[in-house]
Structure formats: C-alpha cells, structure tokens
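For reference, the structure discussed in these notes is given below.
The chain is numbered in sequence order, starting from 1. When reading the values below, keep in mind they use all heavy atoms of this one structure, side chains included, and skip hydrogens, waters and symmetry mates. Fair warning: this is a prediction, and the values are worked out from it, not measured in the lab.
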Amino acid sequence: MSTSSIDSRMVARMFLAGAKNLEAKKEWINQLNVFPVPDGDTGTNMTMTIMAAAKEVQECDKNDMAAVCKAISSGSLRGARGNSGVILSQLLRGLTKGLKEHEEIDVQILADAFDKAVETAYKAVMKPKEGTILTVAKGAGDKARELASAGETDIEKFAKEVIEYADEVLDKTPEMLHVLKQAGVVDSGGEGLVQVLKGALSGLLGEEIDLTPVEAVEAPAAPKKIVSKEAPVEIKYGYCTEFVILLKRELNSKQESDFRKFLGDIGDSIVMVADDEICKIHVHTNDPGLAIQKALLLGQLSNMKVDNMRMEHREKLFHMNENGTADEIDQEISGMAERTIPQDAEYEYPEGEIKVSGKHVDAVLNDAAKWGDDKGEAFGSMEENKASEPAEEPADFGFVAVCAGDGLTELFKGLGVDEVISGGQTMNPSTDDILTAIEHVNAKTVFVLPNNKNIIMAANQARDLSEDKEVIVIPTKTVPQGVTAVINFIPDMSAEENKETMMDVIGGVHTGEVTYAVRDTVIDDKQIHEGDYMGIGDEGIISVGQKMEDVTFEMLKGLMSEELELISIYYGADVDEETAESLRKRVANEYPNCDIELQPGGQPVYYYIVSAE
C-alpha cells in the first residue's frame, strides 16, 4: 500500500522516531571520531541537540503542522551543541521552513524541503568541507530532487531510496577526507544524520517504537560555582589585583622580565602583557600596594581593581551552605576591625596604597548589621531589599568564556570575565547555555570566548538569537587563546577596535594538549596504540609515546619557534603539582630565554594544556 502524503502527526512521529534511533546509536557514533581521544562527542552532541527538540515536539500541538515545525526548529536551534549539533539544527531548521506552510506533505514538498535544508546548513558553515555531514545531506537532497523530478509519488519508496543513497555517500566519505581513510572510519556526523533518517523511516512504516518518554539530556549546570561545605579552601594570596599601566615609554625586555619576577616574588596567578604604550597586569598577592607602587615607577595607572578573595570565598560558603549562618563573614569583618587602629585613627599604609580608617570599618559593620539580627540569622531580607533597589546601569563591556576545570575558571574570573560556562572539549555547551550566560551579563556589549573550535558555531547561533545586546564572538579555539584575548582587552577602546586587537593576538598563540588514546589507529602517519599518550597541536598530532612528560616535552618542541617568548603550562586534574613542576624545570632548562608560567588548570581528560606565544 503506497503513501502519497503525510500530515503533522506523522511528521511528529517520524521526527521522534529519528531522535530515538540517534539516541540509541550515540555511543557507536562517538567511536567513529577520527582522533582516538576519550572525549569523542559527535554522537553525544547530535543526540543532545535533537533531544532538546524532541522534548518540545512532545509538548506541542501535533495536529498543527506549524506548531510541530516550530518545535523542531526552535528546540534544535537552542539545544545545539558542537559543530555536528549546530549543522544538524540548521538542517532541521531549513527542512521545517519547507514544511510549515503545508498541512499535507507530498514527495514534491519533501524534495523542496530537502533543498532548503541543505542550503541552510551550507550557509551556516564558513568553509564547508566535503566528506562530512554536509556531503551526506547534499547527497540525500540530490536524490530527493531526482526522484521528485522523475514523478515518484510514493513517500515510502521515496524515503527508502533517499536513505539508501545517503548511505552510499557516507561510505565514500573516507575517499574524500584522507584523515578518515587513515583512521578507517566514515564521517561520524554523516553517520548520525543517516541514523536520524533511518529512524524516521521506521516511524513512517509504522514499526513499533517506544516514543515516550523522550527526555532531553541534562545540560551541564551553567554557569555556577559549587563551593564545598566541608572545609574552607586555603587561599595563599588574598587579593586579586589588576590594573593597566599607561607606560612612560615602551618596556625593554629586561624591564619586563624584572617586573614579572617581582610580581612572582609577591604573589601568583600572574598575567602580564605589554605593548608600546600600555601594560596590563593581573596578580594574586597579599599586598596590592607593593604591586601598585612598583607599577607607578613605569607610568600612570588606570582600570584598577582589587578584590578580597578570602571574603568572597566566605560569602560563597555562607550562601551555598543551607544550614549556615553569617558567623564566618562576621568573623572576617571583625578581624578587619581588630587589625586596624581604633575608630577615628588612621592606619598608615605605604605611600600609594589605599588607606583604610576605623570609620570605614565601622561603616562596614553597621551596613552588615542592617542585613542581620542578634541571633545570627543574617541576610533574611537581603533579596527583598535588593529587589527594591534601582537596576544597576549596564557596563559598556562584558565577557563570557567557556572552560573546564576549577583552576581555569578561577583564572578567567580573575581576569574579569563575568560568566564562565563549565564545558569544553569534554562537554560542549548548548546554544541556549551560551545565550543564558550572555543574558546574565549586565553589559551593552558582550564578548564570547568559546575556547574550543567545536563550540564556535553554537556561540555564533547564540549571538544571532540575542536581542537586547551586541554580542561579539571571538573565535578562540583553545583556552590559552581565550586568556590572551582577555588580557589584551582595553576598556578605553571601542568594541570594534577591541575585536580587531583580540582577533590579531590570538593568531600568535600556539597551543598543544596532552591526553591518551582509547583505541589503536593511524593518524598523520603516526602509529597510535590504545593507552598511548598523545600530544595534539593546532594542526594535528605532534607526539605519541608511553611517557607523559616526554610526550608533552616533544609536543612543546613542535610548537616552538625563535620569536616565541612566553610558555604557559596548565596542568590537569590528574596531574599533581610535583609532577608538573618537574616538567616546568625541564622546559626552563631547554628554553632559558623564555618566561615559563605553571598554573593548576584542573581540567579533566587533558593532562596538560600548553601554549607558546
């Protein structure tokens, strides 16, 4: 029995069946990723993308074609993760554009919708590459147009032949991309698309499929910082200090090296970038005055900011501890009072440092008293009082960054990033995650740093969906590029000038990452065995071996060139400080003329992230 047309209920059924089939095959699709890294995520990203749309389809009016199409398009657009997920969302968006105006869908309408899907997806990719999901989609579209032009009217026969041809195109992808052929796999995104089409065909044919419940996969909470309730974190240096020096004259290499060494003597988490006229400084220290006094010898200061990280930490502890009281905060404030001269007397700080008097401390105590009572049940009406205050004026500029790891999160926060989304190569945030973070930033212009090439397209979609702010995506592909972009931001410059500067400087950052192989393969003519350590650079795998430090060192050598002066090493959650320090010493011996920075990144999966610039 032939089927000449389908209605909105059948479109919804076919879509949900396609989503279910993709979800069932996601781990297998993950294994098709070319690089044998433990975070292969194409199947996961595509599944999370389509499941976000499936949840909306389940809740919409399935008797209304426009409502079904809107649920598919909107849900996949906001739920899109990773490049493969974004491309899938664009295919679905184009497809639904071709369907939404019709209550009954025939072969001709489906063929037109396939054309629209392919056109929309290709437009979304700046440099389309053949041998990918786009090639498979184009093959399916070409076959659909051929069948419709030949007069085919049976939708079941039409669908079967389209899928068979898409499978044939998929099998040819290794011949189009050498890297696929070397790895012995077909394109994982193309396989994901074929599985969606095969699931949709099962739905069309009336096969028994469990379509309920289709749950959208939970996204990583973003952006929140969880603080342990058990024990306070020991903060070695209490003040996050940053400022810009308007230089009297350009620093020579010795002055720059001496200043960097001085900052290292008084603190840590140092970021220092200088050009002809300015020098931007970030340091954690117990005496901001020393950093400021030293900087004044080099020029005037602007954009100064000093934050007490110990007090911020205690406030976080209080707010995160549901059974807590304000005791810790009270003790901290009381401690400030005890460390000062009695009221009306002035504590003499070194010249150039901010002076704090007993009056100021008393004002803080009085202000804190407004929010609490004698029983220590503090801040009971803080939210009510805040709600009655006028809205804070938006800043000119704000930042959103993506990274994984407590150390990297702290680094970006310390550099002034407003919202840090937990994610990266191991879990790509969705378009909606990024859009939500943008909305949380109280600024007229928001710069977004994806810090991963697989997140840039989702960031661009979030930019296009944002309605009340100017959003500028700086296409940072690695965390070190993101760090460099932030520290080269100058508040006195325009958004466009800052964009040009950041785009320029990230091109000079060379990055490598060290992880391990999850299967045997051959990539870039390198034999890789399961369990080997791999050093992956900007252009591919640089080093492979069984000793982590050797692989990391060889990878770094592959990144270096004579003009590079700064090497940054971020060690991950599975590397201890002693092991990382051993690597730092080896690198310092090999490159004595370079500044070497070692910082705990806390990132999962990747033992080291190393940059040279």
Side-chain angles (χ1 to χ4, degrees), residues 39 41 44-45 48-49 51-52 76-86 89 216-227 316 320 395 397-443 445-487 489 502 506 511 513 570 572-573 601-606 609:
D39 57 6
D41 54 7
T44 299
N45 282 339
M48 295 177 83
T49 299
M51 285 301 186
S76 61
L77 196 67
R78 289 178 172 271
R81 295 173 186 272
N83 292 345
S84 54
V86 171
S89 74
V217 181
E218 284 297 319
K224 292 182 180 178
K225 175 78 171 173
I226 303 301
V227 181
K316 287 178 180 177
M320 293 302 299
F397 303 107
F399 275 89
V400 170
V402 182
C403 71
D406 289 345
L408 296 178
T409 297
E410 181 183 342
L411 174 61
F412 277 113
K413 285 286 190 180
L415 290 172
V417 171
D418 302 273
E419 295 287 338
V420 178
I421 303 172
S422 178
Q425 188 61 25
T426 53
M427 177 57 73
N428 299 152
S430 69
T431 297
D432 201 44
D433 290 335
I434 300 170
L435 185 62
T436 298
I438 291 170
E439 291 171 348
H440 286 169
V441 178
N442 188 28
T445 299
V446 179
F447 292 95
V448 179
L449 306 172
N451 299 333
N452 187 288
K453 65 181 180 181
N454 209 31
I455 301 175
I456 294 172
M457 290 183 71
N460 287 337
Q461 282 199 163
R463 174 200 61 202
D464 296 341
L465 290 171
S466 182
E467 297 178 350
D468 60 341
K469 299 172 183 176
E470 180 183 5
V471 178
I472 299 175
V473 177
I474 306 299
T476 50
K477 297 179 180 179
T478 65
V479 165
Q481 284 188 347
V483 171
T484 297
V486 176
I487 61 182
F489 170 77
M502 288 188 278
I506 64 176
T511 307
E513 300 170 318
Y570 306 92
Q603 68 272 8
V605 179
Y606 290 86
I609 297 175

(request) Please check if the side chain of T49 supplies one atom and the backbone of N45 the other of a donor-acceptor pair under 3.5 Å. (result) yes
(message) Under a 3.5 Å distance rule, please check whether K469 uses its side chain to pair with a backbone N or O of I438 as donor and acceptor.
(response) yes
(message) Taking side-chain hydrogen bond (donor to acceptor under 3.5 Å, both in side chains) as the definition, give me every residue that meets it alongside D418, ordered by chain and number, with sequence neighbours left out.
(response) none
(message) Tell me if a side-chain donor or acceptor on Q603 pairs with a main-chain N or O of L408 at a distance below 3.5 Å.
(response) no
(request) Answer yes or no: are there more than 12 heavy-atom neighbours, outside K477 itself, under 6.0 Å from its atom NZ? (result) no
(request) Could you tell me whether the side chain of T431 and the main chain of R78 form a donor-acceptor pair under 3.5 Å? (result) no
(message) Between D433 (side chain only) and S430 (backbone N and O only), is there a donor and an acceptor less than 3.5 Å apart?
(response) yes
(request) Please identify each residue that fulfils ring pair (Phe, Tyr, Trp, His ring centres under 6.0 Å) with Y570, with sequence neighbours left out. (result) none
(message) Please enumerate all residues that pass side-chain contact (heavy atoms from CB on, under 4.5 Å) together with V402, with sequence neighbours excluded.
(response) I421, P429, I455
(request) State, without any angle test, whether T409 and D406 hold a side-chain donor-acceptor pair at a distance under 3.5 Å. (result) no
(request) Say whether, by atom type as modelled, one donor and one acceptor occur between the side chain of R81 and the main chain of N428 under 3.5 angstrom. (result) yes
(request) Fit a plane to each ring of F447 and F399, take the angle between them on a 0 to 90° scale, and name the class: parallel (under 30°), tilted (30 to 60°) or perpendicular (over 60°). (result) parallel
(message) Could you check whether any side-chain N or O of N454 sits under 3.5 Å from a backbone N or O of N83, counting only pairs where one atom can act as donor and the other as acceptor?
(response) yes
